[in-house]
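Shown next, in structure tokens, is the structure this report addresses.
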Amino acid sequence: MKHILITGSTDGIGKLLALCLAKEGHFIAIHGRSDAKLAAILKEIKQQSNNENVIGFLADFSDLNAVKKMAEEIAKKMPIIDVLVNNAGVLMTNGSSGTTDIRFVVNYCAPYALTNGILANLKASDAPRIVNLSSAAQSTINVQALEGKTGLGANEAYAQSKLALTMWSFYLAEQEPSITVVAVNPGSLLNTKMAKEAYGQHWSPAEKGVDILYNLSMTDLAKSGEYFDNDKGSYATAHVDAYDNRKVEELLRTTKTLFD
Ligand SMILES: NC(=O)c1ccc[n+]([C@@H]2O[C@H](COP(=O)([O-])OP(=O)(O)OC[C@H]3O[C@@H](n4cnc5c(N)ncnc54)[C@H](OP(=O)(O)O)[C@@H]3O)[C@@H](O)[C@H]2O)c1
């Protein structure tokens, strides 16, 4: 039985992955930002999986203080974490997170803060693994935008946040050789709330994304420090900036200054 934490598991591929792994009998921690939705999904997953070992954590990822508080709570309640799936993400929203674009905060800064807050618990596992949800959309980071000094359109902010997550993923894999850290594009326009809200259509069923998240979380498919592109069905080269050490260091320097 593995101890698995999946963020953004009240909807979309995160929820479906949580249900699938709960059915296999693992200990599952789900996460949501709405108390009522989290409680409803917790009940649903327990009932459908017949697994009582499912717990829930609450935090709005647009609020980094809430993320850090949640990390402390998780660190106490889950002494060992075998798998962390950094899945929560946002593209279209009316929400805000202060000066820095909400997509940077939810999609990149929050998983960064959460992961650092529970690193010791991950390292307590025999074979820890982190799966970071990237995207085919990856765009060169405007550091001024990350700092909140200039604004971006929703799609551009999303693409920059996903490249930031991918760059940090590669960085973390190097910093923490005992942890397998993999970044993945689960497939473009999967049939979830995100694709519906942004594009009003989908190209593939949500299950395509669930299957790759399952394989990267549970099988020997995961390769640390690499990027799996599920549009291609294989490992692939991420955006060129993810291999530029100077840019990666600049990103991490800014991130530590602003968000640690
Ligand atoms: N769908 C695609 O085609 C596609 C393609 C490439 C990458 N991805 C990535 O895959 C991941 C899952 O996406 P999805 O398609 O399953 O989307 P989704 O159905 O919209 O689910 C997103 C999840 O993230 C949560 N979330 C959103 N904003 C949050 C916030 N401020 N605080 C805490 N949780 C928040 C949502 O909570 P609520 O339930 O409260 O809304 C939900 O549980 C995302 O990282 C996305 O960027 C998706």
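Whatever order the structure lists ligands and atoms in, that order sets their numbers, starting from 1.
Contacts between N87 and ligand 1, counted as non-hydrogen atom pairs separated by less than 4.0 Å, involve both the backbone and the side chain. Of all the heavy atoms of K15, none lies under 4.0 Å from any atom of ligand 1, so neither backbone nor side chain is involved.
In summary, the atoms of ligand 1 found under 4.0 Å from a heavy atom of N185, numbered by their order in the structure, are 6 (C). Close approach to L189 involves these atoms of ligand 1, each under 4.0 Å from a residue heavy atom: 3 (O). Close approach to V106 involves these atoms of ligand 1, each under 4.0 Å from a residue heavy atom: 31 (N). The contact set between ligand 1 and K37, taken as ligand atoms under 4.0 Å from a residue heavy atom, comprises 38 (P), 39 (O), 41 (O). Each of the atoms 43 (O) of ligand 1 lies under 4.0 Å from some heavy atom of S9. Contact atoms of ligand 1 toward G12: 16 (O), 19 (O) (distance under 4.0 Å to a heavy atom of the residue).
At a threshold of 4.0 Å, the pair E24-K2 does not count as salt-bridged, since none of the basic side-chain nitrogens sits closer than that to a carboxylate oxygen.
Taking the six-membered ring for Trp and the full ring otherwise, F57 and H31 have centroids separated by 6.0 Å or more.
Heavy-atom distances between H31 and ligand 1 reach below 4.0 Å in at least one pair. Using a non-hydrogen distance threshold of 4.0 Å, G32 does not register as a contact of ligand 1.
Comparing heavy-atom distances from atom 4 (C) of ligand 1 across S134, G187, S135, G209 singles out G187 as nearest.
In terms of polar-atom proximity, defined here as any N/O pair under 3.5 Å, I13 does make such a contact with ligand 1. Below 3.5 Å of separation, one finds an N or O of L190 facing an N or O of ligand 1. Backbone and side-chain nitrogen or oxygen atoms of Y158 are examined, and one is located within less than 3.5 angstrom of a nitrogen or oxygen of ligand 1. Considering backbone and side-chain atoms alike, S188 places every N or O at 3.5 Å or more from each N or O of ligand 1.
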